[in-house]
Number of protein chains: 2
Amino acid sequence: MDQKIKPGDKECALLLRPVKDALEVLSGKWKLQIIIALTFGKKRFKEISREIGGISDKMLSKELKEMERHQLLLRTVYDAFPPVVEYELTAHGKSLHKLIDNLRDWGQLHRKKILGK
Amino acid sequence: MDQKIKPGDKECALLLRPVKDALEVLSGKWKLQIIIALTFGKKRFKEISREIGGISDKMLSKELKEMERHQLLLRTVYDAFPPVVEYELTAHGKSLHKLIDNLRDWGQLHRKKILGK
DNA sequence: CGGTATCCCCATTGATACTG
DNA sequence: CAGTATCAATGGGGATACCG
């Protein structure tokens, strides 16, 4: 009944667990883009929406809530009419910058190597 | 008609494009996990499936095809019965290792800081 | 402005069975 | 073993309308 264990399987499992943790929080089309939109400072709902492009209000709202739960960003409501709400990265959210830089680098590499000149 | 442009918007757009490129190839629940499964050497279809856990044959098959198209991995069929097929990373696939290391680091950080002790 | 509510479609994914 | 075929479910995500 025991599976054949190959060399490397243990390292692989060890690598897999934290990556799964990270993916659970970050995966999907929008979350990293939202982080990027907030990289250079606070932004309001519509500003984030415009910056990213192609995201619906519903999705943006849902993603922002989820990311707030995960303590990646902070939501501040100002008492005004019409309402003003600002989003900004927490320290934990900012800790994703290295990852995003890597993703950008790889994206550039990929475009050069595969997507063609 | 012109939108208000904030400082940082241009940098943001510049960062966004290559990240979108990267996400187009990598996003989703499975692709990075597949890369990881192949990090320590060639593996067969069922081995990848077992390593990752929770992925259906259909999904794995679909993802592998797509990743082959994107030149992230190489598929080799051996003439045998029952069939033997091996998958391995290309150089381009291996170039994702830094990114994955970062993701692992961040996943560990996230578990410590947010998911609790 | 910053959302929520509702309706609805269709792509993604899973489960199961089957084949070379 | 390495998938494919088929069916079914789920939910991602758009469109529109509406509210505080």
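Below, chains carry the letters A, B, ... as their sequence lines are ordered, and counting in each starts from 1.
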Hey, what are the protein-to-nucleotides 4-10 of chain C N/O distances that come in under 3.5 Å?
unit_1: C:dT4; atom_1: OP1; unit_2: A:K65; atom_2: NZ; d: 2.6
unit_1: C:dT4; atom_1: OP2; unit_2: A:S61; atom_2: OG; d: 2.4

Between [options], spot the one nearest the side chain of [X], thanks.
X: A:V85; options: D:dA2, C:dG2, C:dT13; result: C:dG2
X: A:W30; options: D:dG3, C:dG2, D:dG13; result: D:dG13
X: B:P82; options: C:dG3, D:dG3, D:dC1; result: D:dC1
X: B:M59; options: D:dA2, D:dG13, C:dT13; result: C:dT13

| request: For the pair B:D9 and A:K43, find out whether any cationic side-chain nitrogen is under 4.0 Å from an anionic carboxylate oxygen. | output: yes
Open item on the list: Check this for me: A:K98, atom NZ, are more than 12 non-hydrogen atoms of other residues, nucleotides or ligands nearer than 6.0 Å?
Closed with: no
- A:K10 atom NZ, over 12 foreign heavy atoms within 6.0 Å: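 Not more than 12 within 6.0 Å, no.
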Trace of the ring-ring contact (aromatic ring centres under 6.0 Å, His included) decision for A:W106 with B:H97: CA-CA 10 Å; A:W106 193 86; B:H97 284 158; over 10 Å; no
Verify the contact: side-chain N or O of [X] to OP1 or OP2 of [N], cut-off strictly under 4.0 Å; return yes or no.
X: B:S56; N: C:dT13; result: no
X: A:R75; N: C:dG3; result: yes
X: A:Y87; N: C:dC1; result: no
X: A:R44; N: C:dG2; result: yes

| said: Do B:F40 and B:L38 sit in one hydrophobic cluster, given that two such residues count as connected whenever their side-chain heavy atoms are within less than 4.5 Å of each other, even indirectly? | reply: yes
**Prompt:** Under 4.5 Å between side-chain heavy atoms, hopping through other hydrophobics if needed: is there a path connecting A:L64 to A:V85?
**Reply:** yes
| request: May I have the distance from B:I55 (atom CD1) to D:dA2 (atom P), rounded to whole angstrom? | output: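 About 15 Å, once rounded to whole Å.
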